[in-house]
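For reference, the structure is listed below as structure tokens.
The first residue of the sequence shown is numbered 1, and numbering continues consecutively from there. Quick caveat, the model's predicted, so the values are computed rather than measured.
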Amino acid sequence: MKKLIARSACMLAFSTSALACSYHEDSPARVDQLAVSNTSLNVSDEPRMVTSLATLKNASADSVRDVMLEVKYFDANHVLVDTVTQPVDGLFVPASGAVAFRIREVAARAKEAYVSQEMRIISAVAIKPHSKPSTLSLVLEFLASWGPMLLLIGMFVFFIKRASGKGSLQNRTLALVESQNILLEKKLRLLERLAVAAEAKVNAAGPQIPS
């Protein structure tokens with residue numbers, strides 16, 4: 001019983017802290033407030049990989065994640081030779097902040113073909129903080145989530161106390177057994193007294209001589 005109550009208390013505390021800390025929502029970010037700068041390009045020989053390094057600047061008031069980028073590669077005559085479109089895994093840019101990132105992909109052309117590049121942000125996700133809810137809404141949400149469990153625990157405790165109370169069937173049975181034991185003890189004492197009296201009577205009569 002104590003373990004059940006302790007576990008329930010831990011779950012309730014965890015639920016309350018989770019409710020208090022999860023006030024945010026995700027929405028598409030404004031791409032016009034994101035910019036790529038400090039770009040550089042490198043192509044390795046073995047294996048032949050093209051790597052693009054850059055810095056993503058976030059001018060919005062919301063943090064940004066799940067950025068999808070398109071990178072176009074050009075040769076010396078500014079002819080398009082390759083295009084890479086991929087998400088930047090693990091990239092999180094805080095509000096009014098900047099973070100460096102890297103995109104790496106297998107090169108489709110020879111190393112000499114990659115001379116310049118252009119990056120374009122296709123999409124991103126903005127993390128908008130919620131306004132903190134009122135205490136009443138927190139209490140209502142808490143009761144809606146944990147009310148049935150609290151009711152079951154209360155009923156369980158009530159029936160346990162009722163089963164172990166003074167007027168319970170178990171206590172009445174114990175009292176009846178104790179009264180029966182007292183009566184048996186009285187009967188045993190009476191039988192002992194009768195046996196002692198009978199023995200004394202026999203001894204007083206003495207041995208009987210056959211005729």
Side-chain angles (χ1 to χ4, degrees), residues 7 10-146 148-149:
R7 290 177 181 175
C10 292
M11 292 176 66
L12 293 177
F14 176 78
S15 175
T16 304
S17 61
L19 288 174
C21 297
S22 61
Y23 303 118
H24 69 272
E25 63 179 356
D26 296 342
S27 61
R30 291 184 56 182
V31 179
D32 58 345
Q33 293 186 346
L34 304 176
V36 178
S37 61
N38 302 327
T39 60
S40 63
L41 173 64
N42 179 50
V43 182
S44 60
D45 293 324
E46 292 295 336
R48 191 169 61 190
M49 304 288 293
V50 55
T51 303
S52 298
L53 301 176
T55 300
L56 180 61
K57 294 183 178 181
N58 178 17
S60 66
D62 304 322
S63 300
V64 172
R65 64 176 177 84
D66 295 344
V67 180
M68 179 71 71
L69 285 172
E70 179 188 64
V71 186
K72 294 182 178 181
Y73 299 98
F74 302 91
D75 59 11
N77 297 321
H78 201 70
V79 176
L80 181 65
V81 294
D82 198 359
T83 302
V84 174
T85 302
Q86 64 177 231
V88 185
D89 297 331
L91 181 63
F92 178 86
V93 187
S96 303
V99 175
F101 65 92
R102 179 184 69 176
I103 291 181
R104 197 162 186 256
E105 189 58 80
V106 178
R109 301 293 184 89
K111 179 179 179 180
E112 295 76 12
Y114 295 86
V115 177
S116 61
Q117 63 181 354
E118 292 180 1
M119 289 189 182
R120 182 175 68 92
I121 301 173
I122 299 176
S123 64
V125 175
I127 305 174
K128 296 181 177 294
H130 273 167
S131 58
K132 190 173 182 180
S134 62
T135 304
L136 179 61
S137 62
L138 278 176
V139 172
L140 292 177
E141 187 173 357
F142 174 79
L143 292 177
S145 301
W146 294 98
M149 179 176 289

key: Contact check, side chains of Tyr73 and Leu41, non-hydrogen atoms, under 4.5 Å   = yes
query = Is there a salt bridge (Lys or Arg N to Asp or Glu O under 4.0 Å) between Arg120 and Glu70 once you walk through the steps?
reply = CA-CA 5 Å; Arg120 182 175 68 92; Glu70 179 188 64; 3.1 Å; yes
message = Using a 3.5 Å distance criterion without hydrogens, assess whether the side chain of Gln117 forms a donor-acceptor pair with backbone atoms of Ser40.
response = yes
request  = Please confirm whether the backbone N or O of Val81 pairs with a side-chain atom of Tyr114, one donor and one acceptor, at under 3.5 Å?
outcome  = no
key: Contact check, side chains of Met49 and Val106, non-hydrogen atoms, under 4.5 Å   = yes
request  = Indicate the atoms forming the closest heavy-atom contact of Asn58 with Pro94, along with that distance.
outcome  = ND2-O, 3.1 Å
task = Compare every heavy atom of Ser96 with every heavy atom of Ala59, then report the nearest pair and how far apart it is.
result = O-OG, 4.5 Å
Least distance between heavy atoms, Gly97 atom then Val93 atom = O-CG1, 3.6 Å
request  = Look at the side chain of Asn42 and the backbone N and O of Thr51, then say whether any donor-acceptor pair between them is shorter than 3.5 Å.
outcome  = no
query = Does the side chain of Ile121 come within less than 4.5 Å of Leu56's, by heavy atoms?
reply = yes
Arg102 atom CZ, over 12 foreign heavy atoms within 6.0 Å = no
ask   = Would you say Ser123 and Asp66 make side-chain contact, with heavy atoms under 4.5 Å?
value = no
